[in-house]
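Accompanying notes for the structure given below.
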Amino acid sequence: MRCYMVFGHIHGNTDADYWPLIQANERMLNAGVDVNHFEPVTFEEMEANNLLYKGQSKAGLEVQP
């Protein structure tokens with residue numbers, strides 16, 4: 001079983017003290033609209049969008065343009 005922490009409202013603040021923790025953990029997912037193309041997404045799309053936002057990628061996940 002995989003557990004995730006889903007959160008929002010960091011407003012793209014990659015200068016914050018907490019950003020390195022978020023960036024290093026692929027199971028911490030930002031549900032904010034800015035990461036998810038300002039539209040509803042599935043969990044899998046949210047996971048892929050977050051990995052892309054963090055500068056990572058994962059085979060088998062499609063990222064929305």
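Quick caveat, the model's predicted, so the values are computed rather than measured.
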Is the shortest heavy-atom distance from the side chain of [X] to the side chain of [Y] under 4.5 Å?
X   : Y   : answer
M46 : V6  : yes
N36 : E45 : no
E26 : R2  : yes

Quick one: does K54's side chain have a donor or acceptor within less than 3.5 Å of a partner on N25's backbone?
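Yes, because the side chain of K54 sits within donor-acceptor range (under 3.5 Å) of the backbone of N25.
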
Using links of under 4.5 Å between side-chain heavy atoms of ILVMFWY residues, direct or through other members, which residues join M1 in one cluster?
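So far as hydrophobic clustering goes, M1 is joined with none.
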
As a test of understanding, state which of F7, F43, Y53 forms a side-chain contact (heavy atoms from CB on, under 4.5 Å) with L29.
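With L29 as partner, side-chain contact (heavy atoms from CB on, under 4.5 Å) holds for just one option, F43.
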
With rounding to the nearest 0.5 Å, note down the distance linking CG in L52 to CD in E47.
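Rounded to the nearest 0.5 Å, the CG-CD separation comes out at 12.5 Å.
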
If two hydrophobic side chains count as joined below 4.5 Å and joins carry through other members, does M5 share a cluster with L51?
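As far as the 4.5 Å side-chain criterion goes, L51 and M5 are not connected within one cluster.
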
Can you hop from I22 to Y4 via hydrophobic side chains spaced under 4.5 Å?
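Per the 4.5 Å side-chain linkage, I22 and Y4 are not co-clustered.
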
Side chain to side chain donor-acceptor pair (under 3.5 Å) for N50 and N30? Distances and angles first, verdict last.
CA-CA 7 Å; N50 272 264; N30 184 348; 5.3 Å; no

Using the side-chain hydrogen bond (donor to acceptor under 3.5 Å, both in side chains) rule, collect all pairs that involve residues 12-22, keeping only residues at least two apart or in two chains.
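Sorted result for residues 12-22: W19-Q23.
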
